[in-house]
Amino acid sequence: MKKLWQKAATAARSDADRPTVLVLGMGDTGVLTAAHLPSRCRVVGVATKPLLVSGQELGCRLSDHEGWREDYLVPLNKLRRLARVEILHARATAVDPVGQTASLQMMDNTTMELAWDYLVIATGVGNGFWREDRLETQAVIEQRLAGQVASVAAADSIAVVGGGPCGTSTAFNLKRAYPNKNVALYMSGPLPLPGYAEVTRHYHRDLLRERGVALVTDRRAVLPDEAGLQRLAGGVLHFQDGSPDVRADLIIWTTGNLRPYTAFLPPDMLDDRGFVVTDSHLNVIGHRRIFAIGDVAATDPLRCSARNWAYRVLCKNIAACLDGRPPSARFIPPVARWGSILGLQPDGLRLHGPAGQGWRLPRWLVRWFLYPVVVRRWIYGGTMGRDS
Ligand SMILES: Cc1cc2nc3c(=O)[nH]c(=O)nc-3n(C[C@H](O)[C@H](O)[C@H](O)COP(=O)(O)OP(=O)(O)OC[C@H]3O[C@@H](n4cnc5c(N)ncnc54)[C@H](O)[C@@H]3O)c2cc1C
């Protein structure tokens, strides 16, 4: 009874009574964090796009676009758990940690100052044409996605440059979807997936070969400038060792040149590469009321707080602060990379552990239980008009 009364009392309070938590960036981690913050705070999310445009599964995005959209392109106003979050279609341009304000550029080009009690930085990174910080409407996003899919369909030869998980998955999935296209994967070392267990690396090399992807090993392509890395277009590849140039109808740069979106933050919050420096509570060092999460946060060498349930740690710590207690939940990152690399395949989802062990979840389990029930319903609280 007491609990019920407290709940009703909280709901009845006006926004003015409740501390404001401002979440900058509504991508994969900003959405999860905003969705799980305690109900006794007012949550405001700053989103460059009216949809969650996930950076996950580039390979599926380009090869099975309709399937990818179901799980990775979701209008923010359809996510049930975001119903109580005020979404501002805007981009952060400055943060004043002392005055506790943020400056925002709105969609109509006006500016706005917003006061916050706690700030969450979740602005992510840029690493290619599929992840950027532009303020965009849904129509522009749709047009851009359709253009990318059309470029892939029109190309006879595709060069994927960079043998990390994104490049490996992209090359594999494109060749599976388009067996008649020439798909080549260019790597600077002898095997794909540096940083993963040797067994996992060999397994994927063999799989790529069996699929028919041309593997070009130990060859470093000359990187274009920033704009070139962000472009999805055909062109000529040049190599650092002087190997003959290669022309491709489409070049996909997946070389992992990360650019954290942090130009709007005071430099004392950043490390020398521009990532936000946090402690194990995801608290920005030297700023008690500011937290960071996701690819933008320098939490550990792999910067893996976009995964591994870090949003729960962050939400618990903000709840503690609201109660006047110090943050105590800790983010404990895994020591090695793990997870799925190729995404969902016709025979299921294969996961690779840190030591190279592998498990396969059958496709029906992923399609009928893992995504719709665990991910969409349990983690995101369901989507209105989709699975309601
Ligand atoms: C199974 C799996 C597969 C994956 N596959 C891929 C893959 O194929 N390719 C890949 O690159 N990564 C991949 N990843 C990594 C994953 O995409 C990222 O770790 C994740 O998207 C990071 O989330 P984030 O919230 O930190 O950043 P994002 O999801 O990028 O969100 C950041 C958001 O902040 C916005 N933003 C930027 N600047 C501002 C600002 N000034 N004001 C307000 N908003 C701003 C951005 O526009 C964006 O909307 C994969 C991860 C997993 C687990």
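Whatever order the structure lists ligands and atoms in, that order sets their numbers, starting from 1.
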Hey, is Glu132 one of the residues with a heavy atom under 4.0 angstrom from ligand 1? yes
Which residue supplies the protein heavy atom nearest to atom 11 (O) of ligand 1, what is that atom called, and how far is it? Trp130 NE1, 2.8 Å
What do you reckon, is CZ of Arg363 surrounded by more than 12 foreign heavy atoms closer than 6.0 Å? yes
Can you name the atoms of ligand 1, numbered from 1 with element, that are less than 4.0 Å from a heavy atom of Gly294? 26 (O)
Nearest option to atom 21 (O) of ligand 1, as decided by whichever heavy atom of Asn308, Val23, Val46, Asp28 sits closest: Asp28
Shortest protein heavy-atom distance from atom 52 (C) of ligand 1, along with the residue and atom involved: Gln56 OE1, 3.6 Å
For the side chain of Lys316 and the backbone of Pro327, is there at least one donor-acceptor N/O pair under 3.5 Å apart? no
Does Arg231 reach the side chain of Pro224, with side-chain heavy atoms less than 4.5 Å apart? no
Atom 12 (N) of ligand 1: closest protein heavy atom, distance to 0.1 Å, is Gly55 O, 3.4 Å
Heavy-atom distances under 4.0 Å are what count here, so tell me which part of Ala122 touches ligand 1: side chain, backbone, both or neither. backbone
Side-chain donor-acceptor pair present, Asp28, Ser54, cut-off under 3.5 Å: yes
What protein heavy atom sits nearest atom 24 (P) of ligand 1, and how far off is it? Thr29 OG1, 3.4 Å
Just going by heavy-atom distances, which of Thr93, Leu135, Thr123, Thr262 is nearest to atom 40 (C) of ligand 1? Thr123
Run the numbers for me: atoms of ligand 1, each under 4.0 Å from some heavy atom of Leu58, listed by number. 7 (C), 8 (O)
If you measure only the distance, is there a donor-acceptor pair under 3.5 Å linking the side chains of Asp96 and Gln100? no
With the threshold set strictly below 4.0 angstrom, can you tell me whether any protein non-hydrogen atom sits that near atom 15 (C) of ligand 1? no
Could you tell me the residue and atom name of the protein heavy atom closest to atom 53 (C) of ligand 1, and the distance to it rounded to 0.1 Å? Arg307 CD, 3.3 Å
Quick one: are Leu76 and Val85 in side-chain contact, heavy atoms under 4.5 Å? no
Taking 4.0 angstrom as the limit and counting only heavy atoms of Gly124, give me the atoms of ligand 1 inside it, by number and element. 26 (O), 27 (O), 32 (C)
Counting N and O atoms only, with roles assigned by atom type, does the side chain of His89 sit under 3.5 Å from a partner on the main chain of Thr48, one being a donor and the other an acceptor? yes
Table please: side-chain donor-acceptor pairs of residues 283-296 below 3.5 Å, with sequence neighbours left out.
unit_1 : atom_1 : unit_2 : atom_2 : d
Asn283 : ND2    : His287 : O      : 3.3
Asn283 : ND2    : Arg288 : O      : 3.2
Asn283 : ND2    : Ile290 : O      : 2.9
His287 : NE2    : Asp268 : OD2    : 2.9
Arg289 : NH1    : Asp117 : O      : 2.9
Asp295 : OD2    : Arg131 : NH1    : 2.9
Asp295 : OD2    : Arg131 : NH2    : 3.0

Inter-residue atom distance Leu58.CG - Thr170.OG1, 0.5 Å rounding: 4.0 Å
List ligand 1 atoms under 4.0 Å from Gly25, heavy atoms only on the residue side. 34 (O), 43 (C), 44 (N)
Between the side chains of Thr111 and Gln105, is a donor N or O closer than 3.5 angstrom to an acceptor N or O? no
Among Leu32, Val53, Thr48, Asn127, which one has a heavy atom closest to atom 44 (N) of ligand 1? Thr48
Between His352 and Gly339 (side chain of the first, backbone of the second, donor and acceptor by atom type, cut-off under 3.5 Å), is there such a pair? no
Determine, stepwise, if the pair Tyr196 / His204 fulfils ring-ring contact (aromatic ring centres under 6.0 Å, His included). CA-CA 11 Å; Tyr196 283 81; His204 284 87; 7.7 Å; no
Within a distance under 4.0 Å of any heavy atom of Ala306, pick out the atoms of ligand 1 and give their elements. 19 (O), 22 (C)
Which residue from Glu57, Lys49, His89, Glu136 reaches closest to atom 5 (N) of ligand 1 through any of its heavy atoms? Glu57
Is Arg131 touching ligand 1 with its side chain, its backbone, both, or neither, if touching means heavy atoms under 4.0 Å apart? side chain
Within the structure, does Ser54 bring an N/O atom to less than 3.5 angstrom of an N/O atom in ligand 1? no
I need the nearest protein heavy-atom contact for atom 42 (N) of ligand 1: residue, atom name and distance, please. Ala92 N, 2.8 Å
Phe275: hydrophobic cluster co-members (side-chain, 4.5 Å): Val125, Leu258
Run the numbers for me: atoms of ligand 1, each under 4.0 Å from some heavy atom of Phe264, listed by number. 41 (N)
Any idea which atoms of ligand 1 are less than 4.0 Å away from a heavy-atom of Cys166? 7 (C), 8 (O), 9 (N)
Can you list the atoms of ligand 1 that are under 4.0 Å from a heavy atom of Asp133? 37 (C), 38 (N), 47 (O)
Below 3.5 Å, N or O to N or O, backbone or side chain included: is there any such pair between Ser340 and ligand 1? no
Looking at Asn308 and Ala310, would you say the former's side chain and the latter's main chain have a donor-acceptor pair under 3.5 Å? no
Ion pair Glu132/Lys49, N-O distance below 4.0 Å: yes
Which protein non-hydrogen atom lies closest to atom 31 (O) of ligand 1, naming both residue and atom, and how far is it? Gly27 CA, 3.2 Å
Residue, atom and distance of the protein heavy atom nearest atom 18 (C) of ligand 1 read Asp295 OD2, 3.2 Å
